[in-house]
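Notes follow once the structure below has been shown.
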Amino acid sequence: MASTRSAGRGRRLLKSVAFGLAFAVPVTALAFLVREKFQPVIDLDQRAIVAATDVTRSVPALKSALLVWQEITQPVWVYIASSAVCLVVWRLHRELATRCLWAFVTLMVSWNLQLDLKAIVQRARPVVSDPVDRAPGYSFPSGHVACAAAIATTMTLFLWPLLSPLARRWLVGGLTAYVVLTSLDRVFLGVHFPSDVIGGILFGTGLATASYLGYLGWNPGPDDSPPPEGEVGPESSKGTT
């Protein structure tokens, strides 16, 4: 029985690794193209940035809204808020302690890994003749977007079993809007290329989902079947026999 359970856990962990690689390949390929200045991608990015910033400069209200969104979605604030959600769920549902720990660790890892990826690729920020805004550091991937995608994916997977069907729809809709608006914000402010945004979405979504699959593989139910999500998540199965 023990060997069978170990084999089942191994298969689930292997699935997590495979999923992570499936997302890592396009992120790595895109990073290579922008680092090596593959001309078709560079030209498309530059044209998009020029067009987007032209729109922003022509609509002062849009520029103001984009700058406000940029500030309220600074990764540090959103990570504090999402970490607070993990803490509140842990206080209310002590049986979900490992689930809360998984979500928190995934959030922290995603924050740090996107910074590491920036340092590896070292892509310069967009340059336009009349910039709308400026941002420090490297450009690929977009930190705002990578963090937004990781947070949105992690919070959806984390909270899903605790919510009603209506609340789930609101959660997915709200977090999707957060990622989409943040992506547009970075391009229309001219601080990130579209490929930076695409890389950020792939990175954040892939990392969080692969992490969750790994969590399910590491934290199985009492038998070989995948952990039941039920109403309160995988931990609920541990107290039953």
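Hydrogens, waters and symmetry mates play no part in the numbers below; they use all other heavy atoms, side chains included.
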Minimum side-chain heavy-atom gap Tyr138-Arg123 below 4.5 Å: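 Not in contact.
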4.5 Å side-chain heavy-atom contact, Phe140 and Arg35: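 No - every pair of side-chain heavy atoms lies 4.5 Å or more apart.
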Heavy-atom neighbours of Arg91 CZ exceed 12 at 6.0 Å: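 No, not enclosed.
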Considering non-hydrogen atoms only, spot the tightest contact between [X] and [Y] and give its length.
| X | Y | value |
| --- | --- | --- |
| Leu107 | Ile151 | CD2-CG1, 3.8 Å |
| Pro75 | Gly143 | CG-O, 4.3 Å |
| Phe193 | Ala124 | CE1-O, 3.7 Å |
| Ser139 | Pro126 | OG-CD, 3.9 Å |
| Cys86 | Cys100 | O-SG, 3.7 Å |
| Thr205 | Thr209 | O-OG1, 2.8 Å |

Salt bridge present between Lys118 and Asp196 (N-O < 4.0 angstrom): no
Residues [X] and [Y]: side-chain donor-acceptor under 3.5 angstrom:
| X | Y | result |
| --- | --- | --- |
| Thr156 | Arg168 | no |
| Ser110 | Tyr79 | yes |
| Arg99 | His93 | no |

Residues clustered with Trp90, ILVMFWY side-chain links under 4.5 angstrom: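 Leu87, which link up through side-chain heavy atoms under 4.5 Å apart, make up the rest of the cluster.
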With a 3.5 Å distance limit and no angle check, can you tell me whether [X] reaches the backbone of [Y] through a side-chain donor-acceptor pair?
| X | Y | value |
| --- | --- | --- |
| Thr53 | Val50 | yes |
| Gln46 | Asp43 | no |
| Arg125 | Gly137 | yes |
| Glu36 | Leu33 | no |

Residues Ile201, Ser183; criterion side-chain contact (heavy atoms from CB on, under 4.5 Å); working and verdict: CA-CA 9 Å; Ile201 292 173; Ser183 299; 3.8 Å; yes
Parallel, tilted or perpendicular: ring planes of Phe158 versus Trp102, cut at 30 and 60 degrees: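 Taking Trp102 first and then Phe158, their aromatic rings sit tilted (interplane angle of 30° to 60°).
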Indicate if [X] and [Y] have the same hydrophobic cluster label, given that clusters are the connected sets of ILVMFWY residues with side-chain heavy-atom separations under 4.5 angstrom.
| X | Y | result |
| --- | --- | --- |
| Val78 | Ile80 | yes |
| Trp69 | Val76 | yes |
| Leu159 | Val88 | no |
| Ile120 | Phe32 | no |

Of Gln70, Arg186, Lys63, the residue whose pairing with Asp133 passes side chain to side chain donor-acceptor pair (under 3.5 Å): Gln70
Val145, Leu30, Ile198, Leu117 screened by side chain to side chain contact (heavy atoms under 4.5 Å, CB included) with Phe203, the one that passes: Leu117
Out of curiosity, [X] [atom1] to [Y] [atom2], how far, rounded to the nearest 0.5 Å?
| X | Y | atom1 | atom2 | result |
| --- | --- | --- | --- | --- |
| Tyr178 | Thr182 | OH | OG1 | 5.0 Å |
| Leu175 | Leu171 | CG | CG | 4.5 Å |
| Leu44 | Ile49 | CG | CD1 | 10.5 Å |

